[in-house]
Participant: 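Quick one: structure below, then a few questions.
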Amino acid sequence: MSAKNEKEFVKEVTPREVDFSQWYLDIVLKAEMMDYAPVKGCMAIRPYGYAIWENIQRLLDRRIKETGHENAYFPLFIPEGLLQKEADHVEGFAPEVALVTQGGGEKLSERLVVRPTSEAIICNMYSRWIQSWRDLPLLVNQWCNVVRWEKNTRPFLRTTEFLWQEGHTVHETEEEAEEETLKMLAVYREFVQSELAVPVITGLKTESEKFAGALRTYTIEALMADGRALQAGTSHNLGQHFARVFDIQFLDRSGELKYAWQTSWGVSTRLIGAIIMVHGDDRGLKLPPRVAPVQVVVVPIITKKQRETVLQKCAETGERLSPPVRVKLDLREEYSPGWKFNEWEMKGVPLRLEIGPRDIEKGGVTAVRRDTGEKLFLPQEDLPARVDSLLAEIQDNLFKLADRFRRDNTHRPSSYEEFTSLLEEKRGLILANWCGEESCEDGVKNKTRATIRCMPFAEDAENGNMEAGPCIYCGREKGTPVYFARAY
RNA sequence: CGGGGCGUAGCGCAGCUUGGCAGCGCGCUUGGUUCGGGACCAAGAGGCCGCGGGUUCAAAUCCCGCCGCUCCGACCA
């Protein structure tokens with residue numbers, strides 16, 4: 001295909017190299033994932049975008065239940081006084097809460113916060129449900145919406161209202177809570193990598209970056225194609241902070257009254273933004289088959305003489321593949337095949353099957369991979385098996401490409417000068433030693449706009465050496481390696 | 001929240017400087033011919049010019065305020 005044609009096909013999308021932000025916005029709108037709603041920072045998630053979310057829910061919900069959790073639902077409204085109980089928590093969330101002051105035409109005696117997260121209301125309920133060690137562990141998850149009045153919004157990445165899941169668990173001991181926190185972090189990591197094909201690094205957040213009210217926050221961080229990092233999920237060990245202020249106490253095995261240990265963890269519709277920014281290209285989305293609403297699109301090549309034969313073969317092919325494959329037959333006759341090719345590429349459908357007179361004559365279908373653009377001929381006999389293995393290959397390839405990109409864009413500077421020039425010229429993840437002082441973290445942030453994304457676990461040391469050394473900022477000799485990056 | 005840009009048909013835009021019939025391309029509707037990488041012909045439909053106020057005989061156009069989107073910062077799960 002000529003360069004000119006290549007350009008023509010994507011004229012509706014700003015190339016990534018020109019303006020990555022604009023590219024992202026073009027994609028989410030033109031692939032019909034969302035549309036702007038008439039409230040600032042709010043969006044309608046359109047069926048095609050929501051179908052991805054439903055797949056995320058289905059695949060993650062299964063894992064959450066397999067690890068022993070049950071789903072429940074708690075109120076959208078939280079009495080203002082409840083949110084204010086935990087000092088750090090209220091300090092963290094107060095600036096971004098929406099308040100309901102009126103109901104039923106009358107001023108409320110106590111204002112209601114629209115949940116920015118549900119620790120307060122859930123802990124309030126938990127204090128009534130827990131009396132004995134026999135009530136523990138309490139393992140509950142909730143799928144819901146939350147509202148945070150953000151100043152700067154971006155579709156899927158940071159919206160005023162968003163959808164997520166939040167797990168809230170209660171345990172007898174600190175060790176159990178820590179184990180749960182790490183277990184769910186591992187679930188997230190496995191889920192995001194194997195289903196979304198998004199490689200992540202895991203680690204501990206710094207004190208300044210941790211969840212408001214938590215003892216410790218662990219995170220999975222992904223690297224976007226523009227070299228910026230995205231926090232893709234977090235798991236918090238809440239310690240006894242909330243138990244103390246919400247009075248979650250239980251009689252332990254020796255008859256002693258103890259405060260419980262808690263965790264909370266969540267991922268949101270932000271994951272959809274990650275999929276877009278990790279895999280997409282100038283022609284549009286590239287969806288990992290495991291979460292793609294449409295895994296295979298069948299495009300008939302209709303000609304005057306062969307119309308019925310072709311349509312029949314398409315229907316037949318669809319029936320052979322679905323289920324289990326999510327197949328879409330695009331039988332619209334008002335669009336040319338070429339137009340459809342471009343549209344489904346924009347929408348990121350992993351595999352396209354073209355069926356025309358020539359394919360029928362040769363006894364198969366033409367297949368085109370979205371990830372590589374590769375064109376293949378698949379004989380009818382082993383079509384289901386070939387489609388199945390191609391989808392698996394595409395899933396695998398998307399992960400490999402993203403993982404290679406992440407590795408290629410992880411740097412290990414040996415001086416502060418190299419550190420700053422890497423941030424200016426290449427971005428990406430920068431593994432550098434840090435002494436642990438907040439003043440150095442702030443210093444780097446103020447000068448370079450890069451933040452510490454996480455303090456990685458030692459076993460994740462696949463990107464060069466994890467040896468301790470002088471702090472990249474102050475030069476003191478006690479720094480340990482942490483990941484810096486500019487983040488969304 | 002501060003600074004810049006933008007807001008005119010579903011989408012992309014022109015018109016605004018210098019006030020005077022609301023325009024173009026794509027898309028949409030209907031009919032027909034087509035269909036292997038965004039087909040073609042013909043006939044149509046579609047407007048609170050973001051919202052509110054002001055100036056004027058007259059406002060998309062000038063002035064003031066507000067809202068929204070966006071970029072750069074600040075703030076932040």
Participant: Expressed as a whole number of Å, how far does the C1' atom of rG10(B) sit from that of rG20(B)?
Facilitator: 30 Å
Participant: In whole angstrom, what separates Asp330(A)'s CG from rG38(B)'s P?
Facilitator: 15 Å
Participant: Identify, with sequence neighbours excluded, every residue that meets side chain to side chain contact (heavy atoms under 4.5 Å, CB included) alongside Asn124(A).
Facilitator: Leu82(A), Phe246(A)
Participant: Roughly, in whole Å, what's the span from OH in Tyr488(A) to C1' in rC75(B)?
Facilitator: 19 Å
Participant: Reckon Pro95(A) touches a base, only the sugar-phosphate, or nothing at all at heavy-atom distances under 4.0 Å?
Facilitator: nothing
Participant: Roughly how many Å apart are rC16(B) and rA22(B), using the C1' atom of each and rounding to a whole number?
Facilitator: 13 Å
Participant: Show me the side-chain donor-acceptor pairs of residues 28-37 of chain A shorter than 3.5 Å, one per line, residues at least two apart or across chains.
Facilitator:
unit_1: Lys30(A); atom_1: NZ; unit_2: Glu12(A); atom_2: O; d: 2.8
unit_1: Glu32(A); atom_1: OE1; unit_2: Lys347(A); atom_2: NZ; d: 3.0

Participant: From rG36(B), rA39(B), rC76(B), pick the nucleotide closest to the side chain of Glu150(A)?
Facilitator: rC76(B)
Participant: State the pairing partner of rG25(B); accept Watson-Crick or G-U wobble contacts with both distances under 3.5 Å, and report none otherwise.
Facilitator: rC11(B)
Participant: Distance check, C1' atoms only: rU29(B) and rG5(B), in whole angstrom units.
Facilitator: 36 Å
Participant: Tell me which nucleotide, if any, is Watson-Crick or G-U wobble paired with rG36(B) when both distances must be under 3.5 Å.
Facilitator: none
Participant: Provide the distance between the two P atoms, one in rA60(B) and one in rC66(B), to the nearest whole Å.
Facilitator: 23 Å
Participant: Pairing check on rG19(B): which nucleotide meets the Watson-Crick or G-U wobble criteria with it, both distances under 3.5 Å?
Facilitator: none
Participant: Taking atom P of rG10(B) as reference, at what distance in whole Å does atom CZ of Arg46(A) sit?
Facilitator: 14 Å
Participant: Using a 4.0 Å heavy-atom cut-off, does Arg307(A) contact any base of the nucleic acid, only the sugar-phosphate backbone, or nothing at all?
Facilitator: nothing
Participant: Report yes or no: is there a donor-acceptor pair, N or O only, under 3.5 Å between the side chain of Glu343(A) and the base of rG38(B)?
Facilitator: no
Participant: Both Gly338(A) and Glu221(A) contact RNA chain B. Which one's nearest nucleotide lies toward the 5' end?
Facilitator: Gly338(A)
Participant: Is the NZ or CZ atom of Lys362(A) positioned over Phe377(A)'s six-membered ring, under 6.0 angstrom from the centre and within 45° of the axis?
Facilitator: yes
Participant: Counting any heavy atom closer than 4.0 Å, what does Glu96(A) reach on the DNA or RNA strands: base, sugar-phosphate only, or nothing?
Facilitator: sugar-phosphate
Participant: So, is Ser336(A) near the phosphate of rA39(B), with a side-chain N or O under 4.0 Å from OP1 or OP2?
Facilitator: yes
Participant: Below 3.5 Å is the cut-off: list the nitrogen or oxygen pairs between protein and nucleotides 26-33 of chain B, distance only.
Facilitator:
unit_1: rC28(B); atom_1: OP1; unit_2: Tyr335(A); atom_2: OH; d: 3.0

Participant: Between Arg369(A) and Glu393(A), does any side-chain N to carboxylate O distance fall below 4.0 Å?
Facilitator: yes
Participant: Assign Thr217(A) to base, sugar-phosphate, or nothing according to its heavy-atom contacts below 4.0 angstrom with the strands shown.
Facilitator: nothing
Participant: Return the nucleotide paired to rU55(B): Watson-Crick means purine N1 to pyrimidine N3 with N6-O4 or O6-N4, wobble means G-U with N1-O2 and O6-N3, both under 3.5 Å.
Facilitator: none
Participant: Output one letter per nucleotide in nucleotides 66-74 of chain B: B when a protein non-hydrogen atom lies under 4.0 Å from the base, S when only the sugar-phosphate is that close, - when neither is.
Facilitator: --SSSSSBB
Participant: When the C1' atoms of rG50(B) and rG68(B) are considered, how many whole Å apart are they?
Facilitator: 7 Å
Participant: Under a 4.5 Å cut-off applied to non-hydrogen side-chain atoms, are Leu331(A) and Pro300(A) in contact?
Facilitator: yes
Participant: Please report, rounded to the nearest Å, how far the C1' atom of rG37(B) is from the CZ atom of Arg370(A).
Facilitator: 13 Å
Participant: Using the C1' atom in both, what is the distance from rG44(B) to rC6(B), to the nearest Å?
Facilitator: 33 Å
Participant: Could you check whether the side chain of Thr366(A) and the base of rG36(B) have a donor-acceptor pair of N or O atoms closer than 3.5 Å, going by distance alone?
Facilitator: yes
Participant: Between rG38(B), rC35(B), rC76(B), which nucleotide has the shortest distance from any of its atoms to the side chain of Glu333(A)?
Facilitator: rC35(B)
Participant: Which base sits across from rA60(B) as a Watson-Crick or G-U pair, both distances under 3.5 Å?
Facilitator: none
Participant: Between atom CG in Asn342(A) and atom C1' in rG38(B), what is the gap in whole Å?
Facilitator: 5 Å
Participant: Any ion pair linking Arg486(A) and Glu424(A) (charged N to carboxylate O, less than 4.0 Å)?
Facilitator: yes
Participant: Taking atom P in both rC13(B) and rC67(B), compute the distance separating them and give it to the nearest angstrom.
Facilitator: 25 Å
Participant: Please say whether the positively charged group of Arg16(A), taken as NZ for Lys or CZ for Arg, lies over the ring of Trp23(A), i.e. under 6.0 angstrom from the six-membered ring centre and within 45 degrees of the axis.
Facilitator: yes
Participant: Hey, does Phe484(A) have a side-chain heavy atom less than 4.5 Å from the side chain of Thr451(A)?
Facilitator: no
Participant: Just the rounded figure in Å: distance from C1' of rG37(B) to CZ of Arg283(A).
Facilitator: 8 Å
Participant: For Glu438(A), what residues pass the side chain to side chain contact (heavy atoms under 4.5 Å, CB included) criterion, not counting sequence neighbours?
Facilitator: Ser208(A), Glu441(A), Asp442(A)
Participant: Paired with rG73(B) by Watson-Crick or G-U wobble geometry, both distances under 3.5 Å: which nucleotide is it?
Facilitator: rC1(B)
Participant: Please determine whether a side-chain nitrogen of the Lys or Arg among Lys313(A) and Glu308(A) lies less than 4.0 Å from a carboxylate oxygen of the Asp or Glu.
Facilitator: no
Participant: Tell me every residue that passes side chain to side chain contact (heavy atoms under 4.5 Å, CB included) with Arg386(A), counting only those two or more places apart in sequence or in another chain.
Facilitator: Leu378(A), Pro379(A), Asp382(A)
Participant: Return the nucleotide paired to rU30(B): Watson-Crick means purine N1 to pyrimidine N3 with N6-O4 or O6-N4, wobble means G-U with N1-O2 and O6-N3, both under 3.5 Å.
Facilitator: rA42(B)
Participant: From CD1 of Ile301(A) over to P of rG37(B), roughly how many Å is that when rounded to an integer?
Facilitator: 8 Å
Participant: Output the rounded distance in Å from CZ (Phe377(A)) to P (rG36(B)).
Facilitator: 18 Å
Participant: If you measure from the P atom in rC64(B) to the same atom in rG73(B), how many Å do you get, rounded?
Facilitator: 29 Å
Participant: Counting only Watson-Crick or G-U wobble pairs whose two distances fall under 3.5 Å, which nucleotide matches rC6(B)?
Facilitator: rG68(B)
Participant: Quick test of your reading of the model: are Arg370(A) and Asp281(A) salt-bridged, counting only N-O distances below 4.0 Å?
Facilitator: yes
